[in-house]
Every structure is written in structure tokens, then in C-alpha cells.
Amino acid sequence: MAQRFALIIDPVDAAQERADFAGTFTVVDAAAPALSVGELSTQRGDGVFESIGVIDAHAQEVGPHLERLANSARICDLPEPNLEQWRQAIAVAAAECPPGEWVIKLILSRGVEHGPAPTAWVTASPASDFSAARESGVKVVALDRGYSLDIAERAPWLLLGAKTLSYAVNMAALREARRRGADDALFLSGDGYVLEAPTASLILRFGDRFITPAPTGGILHGTTQLSVFEYLEGRDFEVGYAQIPASDLTRADAAWLVSSVRLAVAVVAVDAHPLPVDHDLTAAMNRYLLSPRD
Ligand code: PLP
């Protein structure tokens, strides 16, 4: 989807306190070139990002997204972002979003090769229409990611807990899923545990208990999963984190992929094995996710 609004941020030190960071943003023509050819984000995918859902000009869950941006930056040895500066940049971008569903992206790149500072920018664009997936669900295939569950501790240089710009593998997994006749993929660890989808977290239901893979195995801690757990707890369901063997997938009473822009979609089949679908609960989750949340 084409960007409609773009803002370049001049990153300032994380400790710097200011009431107004407006002087550190430059609005640029979103359709015109804005980055140097020396950018390490484009040459090496060396940087981190966030995608924030925007509903009727309200940016959702800004705090959790900023915390994850800071965590990704820490894992990648990037300078700590000034979260108040980013919060104000998001507010400027959100004010440019007309009613409906939009996406704000935050990008923090290592910057230009041999350059003095990181490059940072924010874009806003209309969200794709995900109503069909929200109503009908998605078929997924399980794909081996090849790493064991403890890889994040054993090999932190793989940056697995960070939301880095290097999403070529995630996109390849989605293409493989489509080649196999599915809509989405689900990564498994090399030792046979369920991880996450290439752009979403997984939630499984067993009776009145809802579980998600523990975000210690080199997966992202999803902001949407946290919101859905809050919603489910409010309805007196039990929620928790677990190490989930792949063999549990087909025993689940229901499953969802959840993410900031597509929101909650039911998993209707795993590797052609059908799963029960709770349309009412899926619709209720999405009503909650579409309501304004900070
Ligand atoms: N896991 C991966 C690999 C992702 O890329 C994403 C979102 O893009 C998620 C999980 C879900 O995160 P969130 O709910 O914060 O969008």
C-alpha cells in the first residue's frame, strides 16, 4: 500500500527531556525519494521497525509498541530511542490519518554507512482490507524454522527477539505457504515446538484455557496477543504462556493468529487438518481490538 504521509525524525538522545519535539521532525513528500543510497536499512536490512494499527485517527497501543521498539534497538545495539520524541511523531502522523483503518510504521535504521547517526522515519498508509480473513479465517501450514527453542540465549547475534527490518525470510515463508495452498505459515522450532507466524502471534484454546508460545524462544512478544489476553481475562478465561509441542496444534479447540493490523483471524486448518472455529468469539475479539486502546 502506498505511503500517504512521511516524517523524517532527527533522533535525539534518549535522556533529553523537552515538552515539544516538533523541531526535530521534517514532513517529506511520501511519494518522493527521501533516503540516501548509502542507507544500511536498504543495503543490509540493518534496523528495527514497528507497525501500529490506527483506527479512526487513533494510534493503538502506542506504549507497548514503543517499548518493543526500544527493546529491539537494545538487542541490535542501536542507540536508545527517545520514546517521548517518537510518541510525538506518532501523534503527528495519526492526525494525518482519515477515518478508517490505517497503519503507522516506525523505522529506526543504523543509518548511512560510516554516517554519524541512525536514520529514523515514520510513515502512514491505508491498511489493506482484512474483513474476509477476519470473517472466514486462514488456513496455515507449519514450517520448520530450523532453530531450537533455546536459540535466543545461545545465539543472541541472530537477533531473534527483535523486530528487525530483515523480513525476507518471513516473506519467503508466506510465499511457501501460498505455494502449498494455504494463506499463512506457522513457524516450528527445530526441536518441534510451535513459535509464531511470519507476521503474527498464535493463540490456542484448550477448553477455557488460552495459551500462546512463551516469548523466550526467539519470538516477538505480540502487542495484540497481550491485548487479547487482557480481553479474555476480563471474560474470566484463564490465559498463559507455554512451551507448546507441534503435536498439540491439532488437539486445540480453536486457534487464532493475532497482529496489530489484520487483528484476530481464526485458524481454520493446520496442514489441511481442520480446526474448530468460534466465529462469535473471533468477532468479539475484533470488536475489542477495534476499540480505542492505549
Ligand atoms: N510475530 C511476528 C514475527 C510479527 O512480525 C508480528 C507483527 O508484525 C507479530 C508476531 C505480532 O505482533 P503485534 O501483535 O505487536 O503486531
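In each ligand, atom 1 is the first atom listed, and ligand 1 is the first ligand listed. Here the structure is a predicted model, which is why all the values come from computation and not from measurement.
- For atom 12 (O) of ligand 1, the closest heavy atom belonging to the protein is R68 NH1, 3.4 Å.
- Among the candidates E61, E50, H221, the single residue satisfying the side chain to side chain donor-acceptor pair (under 3.5 Å) test with R68 is E50.
- With hydrogens and angles ignored, the 3.5 Å screen pairs a side-chain donor or acceptor of E196 with a backbone N or O of L220.
- Donor-acceptor pairing under 3.5 Å is lacking for the side chains of T282 and R134.
- Residue-ligand proximity: A197 is placed with a non-hydrogen atom under 4.0 Å from ligand 1.
- Judged by distance alone, the side chains of R262 and T199 never bring a donor and an acceptor atom under 3.5 Å apart.
- A donor-acceptor contact under 3.5 angstrom links the side chains of Q88 and E84, judged on distance only.
- At the shortest separation from atom 16 (O) of ligand 1 among protein heavy atoms lies S260 OG, 2.7 Å.
- Looking at A200 against ligand 1, only its backbone comes within 4.0 Å, counting heavy atoms.
- Residue H114 qualifies as open at atom NE2: its count of foreign heavy atoms under 6.0 Å is 12 or below.
- In this structure, atom 15 (O) of ligand 1 lies nearest to the protein heavy atom T223 OG1, 2.7 Å.
- Contacts between T224 and ligand 1 below 4.0 angstrom, taking non-hydrogen atoms only, involve backbone and side chain alike.
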I would like to know whether R145 and S189 meet side chain to side chain donor-acceptor pair (under 3.5 Å); could you show each step before the answer? CA-CA 6 Å; R145 202 172 60 168; S189 67; over 6 Å; no

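- The backbone N or O of S291 lies less than 3.5 Å from a partner atom in the side chain of Q60, making a donor-acceptor pair.
- For ligand 1, the atoms closer than 4.0 angstrom to any heavy atom of G222 are 12 (O), 14 (O), 15 (O).
- S201 OG, 3.7 Å is the protein heavy atom nearest to atom 11 (C) of ligand 1.
- Between K163 and ligand 1, at least one N/O pair is under 3.5 Å apart.
- When heavy-atom distances to ligand 1 are checked against a 4.0 Å cut-off, P198 comes that close only through its backbone atoms N, CA, C and O.
- Atom 5 (O) of ligand 1 has as its closest protein heavy atom Y167 OH, 2.5 Å.
- Considering backbone and side-chain atoms together, E196 places an N or O closer than 3.5 Å to an N or O of ligand 1.
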